[in-house]
2 protein chains.
Amino acid sequence: MDRVTSKDVAKKAGVSQATVSRVINNYPHMKQSTREKVLKAIQELGFTPDQIARSLNMRKTSSIGLIVGDISNPFFAETAKVIISQARKSGFDVILTDTEHESVNLEKSIESLVGKRVEGIIIGSVDLYDSKTRQFAETGFPVVFYNTNIHEDIGNYVVLNNKKGAKVGVKHLVELGHRKIAYISGTLKYSNLSGRLEGFKEALKEYDLPFDKHLIKEFDVSSNGISTFLKAQMEQPNPPTAFFAASDQIAFTVMEAARELGLQIPDDISVIGFDNINISANPFINLTTISQQHRRMASIALENLLTLIKNDNEMIRNVLEPELILRSTTTTPRK
Amino acid sequence: MDRVTSKDVAKKAGVSQATVSRVINNYPHMKQSTREKVLKAIQELGFTPDQIARSLNMRKTSSIGLIVGDISNPFFAETAKVIISQARKSGFDVILTDTEHESVNLEKSIESLVGKRVEGIIIGSVDLYDSKTRQFAETGFPVVFYNTNIHEDIGNYVVLNNKKGAKVGVKHLVELGHRKIAYISGTLKYSNLSGRLEGFKEALKEYDLPFDKHLIKEFDVSSNGISTFLKAQMEQPNPPTAFFAASDQIAFTVMEAARELGLQIPDDISVIGFDNINISANPFINLTTISQQHRRMASIALENLLTLIKNDNEMIRNVLEPELILRSTTTTPRK
DNA sequence: ATGAAAGCGCTAACAC
DNA sequence: GTGTTAGCGCTTTCAT
């Protein structure tokens, strides 16, 4: 069962291949009768144009690449949703790759996507100062980073003002009366988490809170070290009254650990997250958090990419404003 | 800045295009010196082979398609993760499309993917008896359904024994002492949800529980009708003591509605879900549910697809066994 | 061990 | 309006 080609259609319809092509591409100036002849032949043979051949010829694939750190992470799933749906409306398919947070996989993905001649790439997870990716972004190939970037002076991106986000969070806690706040970060290889930590530190200064490096911990999201950390903190003579998690996912782990220790949230400790993924609004979780408007972020990223694809040599950067989402895991400290 | 091609490399290295091709493809019988010459030219020109041209020639794209109903739904995100990671290990990229649960989008996706000459397609959401998709699956194109199928006699698939799953759930509730169980289904256009409802009904018979059609409701996942339904049920003289949700997502909504009504779970009502997505294990949710081993399901789906791609004319069907995941949203009924 | 030439399935001038 | 021809960037016989 060989593939049926436009040549076969042409023969069957008694026309040239060019005419078949014209029908496929809705070329207007054609005799209605020949168009119908061709359409009929296409029907009968069950012909579907080979987009690969088409792409080779036209030097456009109508595909873009989307690279994320972990598609099973709701943040990426929810942003991918937006990008994929919106891309389809503009006639693009998306090749999705998951780096599992390994920068070597990012590089491989880029290579593979470029080889497949995608027209642009959206990248959700990139290490700070990743030199290969930086180099690539500077070739002029349409690339948009979102969520994380390499550096504020490199490439096109749409990110949150993460520093400010952390400050908004600290402000909220301080206003509730908290004076001793622990901070639990994910890996600092990403600009967003690193920015948040910076913001946290700056906020401490602004509110004249003492800086205690033991109150700050860098962890993997999944790490059960979080539980150990929490326990150690709470056993101190003067324990923190609030925990600031650098992401909602981390906050969930903190909440879980707190529960294991028999601590009530928010009565015993306040917990605040960062991202505002969908599930955080669930009433059984109901996490106070900082929104980074991630769906909007994704939408802008795609829009910008399409712009870059159309017009070379643009440069587009967006920095979104954080927003406090007040829910029920934070309250005034005990006593 | 024109693309650099293998022809350019050939010229620069002073060899033929064929030789460049041989280098790219690691053809063994070559003089070491010419290989190095070519490699050097590739380096200097920054040449990356055009996979589109390659695909056209070799009739293989090293891409597969993955079609899901909603990638922001954790079930699909978590299964997509498995499929994408595993596919990459076998040298395949995946083009992901999201149908937003519209069967017309499924059909368009298939068309687009076939046009792009993917080597196979994995489909996570298909309506019962969808005739176009059925037709397509019967052409012999490598297709594997998972999670839902068209009919048990059609196509290749890996699904759960959903009927049995529902029975396992009812058994659990009955053993706890529940005699009046409400059932909240999602749309019945999918084989999995429809199978679960069937299983629920059969289980009622098996345990001699009275069938009351008012206890069964078909809803959209997001529907706030669920809240209305729950309220109506609880205002009855003899309200149900347990609610069986056809998916974890639906169960979350039920839990939410229960909380709004001031009902304690599991003390006032028991709730059981279906799927066992990651977040269900969160201690603040801690949902009793039926596992469909979704990651394993995804892994098998990909494996089977790869088999189909290698060997035509196979026929592979897997039906996985459900498993009760006992957590804390179910207990003995009051009184 | 390497080169020449044909061809994958389509589109795009250019003719008529 | 439609056909002819060349070519997109590779791989693959077939020579040598």
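Here is the naming used below: chain letters follow the sequence lines, and residue numbers restart at 1 for every chain.
Screening B/Val143, B/Leu113, B/Val126 for a side-chain contact (heavy atoms from CB on, under 4.5 Å) with B/Ile67, the sole residue that qualifies is B/Leu113.
At the heavy-atom level, A/Val15 lies under 4.0 Å from the strands shown only through sugar-phosphate atoms. Across all strands, B/Ser21 comes closer than 4.0 Å to base atoms (heavy-atom distances). A/Ser55 comes within contact range of no nucleotide atom at all, as no heavy-atom separation falls under 4.0 Å.
Partners of A/Lys81 by salt bridge (Lys or Arg N to Asp or Glu O under 4.0 Å), not counting sequence neighbours, listed by chain and number: B/Asp70, B/Asp98. B/Gln293 meets the side chain to side chain donor-acceptor pair (under 3.5 Å) test with B/Arg296; sequence neighbours excluded.
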Start with the C-alpha gap between A/Ser63 and B/Lys116, add the side-chain angles, then the distance that decides, and say whether side chain to side chain contact (heavy atoms under 4.5 Å, CB included) holds.
CA-CA 10 Å; A/Ser63 300; B/Lys116 292 205 169 162; 2.9 Å; yes
Given A/Glu78 and A/Arg295, is the side chain to side chain contact (heavy atoms under 4.5 Å, CB included) satisfied, shown in steps?
CA-CA 7 Å; A/Glu78 289 161 23; A/Arg295 274 174 298 271; 3.8 Å; yes
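DNA chain C lies under 4.0 Å from at least one heavy atom of each of the following residues of residues 43-52 of chain A: A/Phe47, A/Pro49, A/Asp50.
The nearest whole Å value for the distance from the NZ atom in A/Lys60 to the C1' atom in D/dG9 is 18 Å. Remark: P of D/dT13 and CG of B/Asn25 are 13 Å apart, rounded to the nearest angstrom.
A residue-by-residue look at A/Met58 and A/His29 shows that A/His29 has its nearest nucleotide of DNA chain D further toward the 5' end. Two residues, B/Ala53 and B/Thr19, neighbour DNA chain C, and the one matched to the more 5' nucleotide by heavy-atom proximity is B/Thr19.
A sub-4.0 Å separation between OP1 or OP2 of D/dT12 and a side-chain N or O of B/Asn57 is absent. For the pair A/Arg59 and D/dC8, the criterion of a side-chain N or O lying under 4.0 Å from OP1 or OP2 is not met.
Among residues at least two apart or in separate chains, side-chain hydrogen bond (donor to acceptor under 3.5 Å, both in side chains) pairs with a member in residues 118-131 of chain A are A/Asp130-A/Thr133.
Put simply, chain A comes within 4.0 Å of DNA chain C, heavy atom to any atom, from C/dG9 to C/dA13, going 5' to 3'.
Comparing the helix axis at one end of the helix from C/dA1-D/dT16 to C/dC16-D/dG1 with that at the other, each defined from 5 consecutive pairs, gives an inter-axis angle of 40° (nearest 10°).
Taking the charged nitrogens against the carboxylate oxygens, B/Glu36 and B/Lys40 have no contact shorter than 4.0 Å, which rules out a salt bridge.
The aromatic rings of B/Phe76 and B/Tyr146 sit perpendicular, their planes meeting at an angle over 60°, well past the 30° parallel limit.
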